[in-house]
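Everything on this sheet refers to the single structure shown next.
Numbers here are sequence positions counted from 1.
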Amino acid sequence: MNLFLTFQIALRSLSRNKIRSGLTVLGIIIGIAAVIAVMAVGQGATVMIQSQISSLGENLLMVYPGSASTGGLHFGAGTNATLTASDGDAILKESHYVRALTPITRTGGQLVYKEKNWFSGIQGVAPDYPKIRNWKLEKGSFFADSDVKSANRICVIGATVAENLFEDENPVGKIIRIKNMPFRVIGVLEQKGSAAWGQDQDDVVVVPWTTVRRVLQNSAFNDVNQLLLNIDSTSQLESAKKEITEILRQRHHLAPVADNDFTINDMTELSKTVTETARLMTLLLAVIASISLLVGGIGIMNIMLVSVTERTREIGLRMAVGARGQDILLQFVVEAIVLSGIGGILGILIGSGTAELVARVYGWPVLVSAQSILLAFIFSTAVGVFFGFYPAWRASRLNPIEALRYE
């Protein structure tokens, strides 16, 4: 039997009951559209999260001070002042993997410019900070090693701080007051947006780390809150962590049986955890959306069984003039495939349009991949074959004489 002719007959048969065929196709359309839209939003969110994590910097390692303890109570990493800027200098000098390093000291304070004020986080860093964070300057320049040595009162501000204090005015060269002390703005960082955990990365003031310690905190100590460093490639993470551990244990004179008084973290676990969570949620929603596809498939089976019953005499007549059982089987399978195929194409178009609408109205990231479209179409066709086979098989098994007698 000619396949093209079979397809034509299938279209003609389905067009006899347009409303019934349309309602049957609707179940497939809703299922495919839901799957496409959910996967587009989920994949878009995954890409956005990965982008936000990578915006923190590439191949990062973060070294935190150890845990303070009192009366057997441990207060967590970073609560004990066990890291110094000298530790960072030693790591940079002795490690074979570290490309750049900056100590970080943190505080916060009220920023004042003319009649405007804004409270922001303040980070004390070294000149390599923009390189480590992969953070370019929109205006001005970053400070140098000489500014760190002299603890100069200069700062580089984030986009959020610039917007709230200066609006349309160029901040470079202006004097702001931080904790009632004058600081000269020498640069503005490019906008980075929110981090994966929701923190506004642009709401920050960056100053030399020595300025935070000596000027803003009035401290003579050189301990730091964190050492932030990057290495050449992700493949070197474990080797770098092992080497840094050995350097710091030796510098801190720790006995072989003593625990580390510092903690080394990297972005790999954070990225993996957040990405896997996003993918799991996308898969869960896609499975729920796929239930409507199952309902649509059952609708196809139901309508094909009705069609077989209504066309029993037609089947008997075809068999009487030479049609074989496999020809009848093919005819009804093709009809089921046509129903599911049309539903799949319309579902893909509607799902993609819905995802784009969500992106425009709510500003959510979406990603309609060719892979998801192909999978959706294959799945819709498979639904037609699976749920259409039994009615087609039943039609092919009819006795021609009994079929001709059917009223």
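Considering every non-hydrogen atom in both R251 and S86, the closest pair reads NH2-CB, 3.5 Å. Minimum heavy-atom separation, E243 to Y97: OE1-CD1, 3.2 Å. Here the closest heavy-atom approach between residue I122 and residue G108 is recorded as CD1-C, 3.9 Å. P103 and A126 make their closest contact through CD-CB, 3.8 Å (heavy atoms, listed as atom of the first residue, atom of the second, distance). When all heavy atoms of V333 and G388 are compared, the closest pair comes out as CG2-O, 4.4 Å. F142 and V125 get closest at one heavy-atom pair: CZ-CG2, 3.9 Å.
Shown here are the salt bridge (Lys or Arg N to Asp or Glu O under 4.0 Å) partners of K174, two or more places apart in sequence or in another chain: E169. For R184, the side-chain hydrogen bond (donor to acceptor under 3.5 Å, both in side chains) test picks out no residue, with sequence neighbours left out. Taking F166 as the reference, Y113 meet the ring-ring contact (aromatic ring centres under 6.0 Å, His included) condition, with sequence neighbours excluded. Not a single side-chain hydrogen bond (donor to acceptor under 3.5 Å, both in side chains) links D259 to another residue, sequence neighbours left out. By the side chain to side chain contact (heavy atoms under 4.5 Å, CB included) test, E94 pairs with A90, I247, sequence neighbours left out. With sequence neighbours excluded, the residues satisfying side chain to side chain contact (heavy atoms under 4.5 Å, CB included) with E246 are K242. In terms of the side-chain hydrogen bond (donor to acceptor under 3.5 Å, both in side chains) criterion, residue partners of E356 (sequence neighbours excluded) are, by chain and number, R360. Residues meeting the side chain to side chain contact (heavy atoms under 4.5 Å, CB included) test with D145, sequence neighbours left out: P127. With sequence neighbours excluded, the residues forming a side chain to side chain contact (heavy atoms under 4.5 Å, CB included) with L248 are V63, L83, D87, I91, I244, H252, F262, listed by chain and number.
Here the CD1-CG distance, from I104 to L228, works out to 4.5 Å after rounding to the nearest 0.5 Å. The distance from the CG atom of N180 to the CZ atom of R177 is 4.5 Å, given to the nearest 0.5 Å. Distance check, rounded to the nearest 0.5 Å: NE2 of H96 to CD of Q236 gives 11.5 Å. Here the CG atom belonging to L189 is positioned 13.0 Å from the NZ atom belonging to K136, to the nearest 0.5 angstrom. Interatomic distance, CD1 of I132 versus CD1 of I231, reported as 12.0 Å (0.5 Å rounding). Distance check, rounded to the nearest 0.5 Å: CE of M62 to CD1 of I264 gives 11.0 Å.
S95 places no side-chain N or O within 3.5 Å of a backbone atom of L92 that could act as its donor or acceptor partner. At least one donor-acceptor pair under 3.5 Å links the side chain of T82 to the backbone N or O of D261. Remark: side-chain polar atoms of S340 are paired, donor with acceptor, to backbone N or O of I337 under 3.5 angstrom. Remark: the backbone N or O of A85 is not paired with any side-chain donor or acceptor of N222 at under 3.5 angstrom.
Side-chain contact check for N230 versus R133: every heavy-atom pair is 4.5 Å or farther apart. Using a 4.5 Å heavy-atom threshold, the side chains of F183 and L216 count as touching. When side chains are defined from C-beta on, E238 counts as touching K241, because their heavy atoms get closer than 4.5 Å. Two residues are said to be in side-chain contact when any heavy atoms from C-beta on lie closer than 4.5 Å; L101 and L227 meet this criterion. In this structure the side chain of I176 never reaches within 4.5 angstrom of the side chain of V112, judged on heavy atoms.
Ionic pairing of R213 and D223 is present here: one or more N-O contacts between side-chain nitrogen and carboxylate oxygen are shorter than 4.0 angstrom.
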Check residues 151-163 and write down every donor-acceptor pair under 3.5 Å in which the side-chain atom is one partner and the other belongs to a residue at least two apart or another chain.
from : atom 1 : to   : atom 2 : distance (Å)
N152 : ND2    : D147 : OD1    : 2.7
T160 : OG1    : D200 : OD2    : 2.7

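Pairs passing the side chain to side chain donor-acceptor pair (under 3.5 Å) check and including a residue from residues 116-127, sequence neighbours excluded, read Q110-N117, W118-D203, S120-D203, Q123-Y129. Sequence neighbours left out, the pairs with a member in residues 17-44 that pass salt bridge (charged side-chain N to carboxylate O under 4.0 Å, His left out) are R20-E310.
More than 12 heavy atoms of other shown residues, nucleotides or ligands fall within 6.0 angstrom of atom CD in E190. Crowding of F386 atom CZ: a count of heavy atoms from other residues, nucleotides or ligands under 6.0 Å not exceeding 12.
If you run side chain to side chain contact (heavy atoms under 4.5 Å, CB included) between T24 and each of I19, N302, I303, I342, only I303 comes through.
Remark: the K131 side chain and the T102 side chain contain no N/O donor-acceptor pair separated by less than 3.5 Å.
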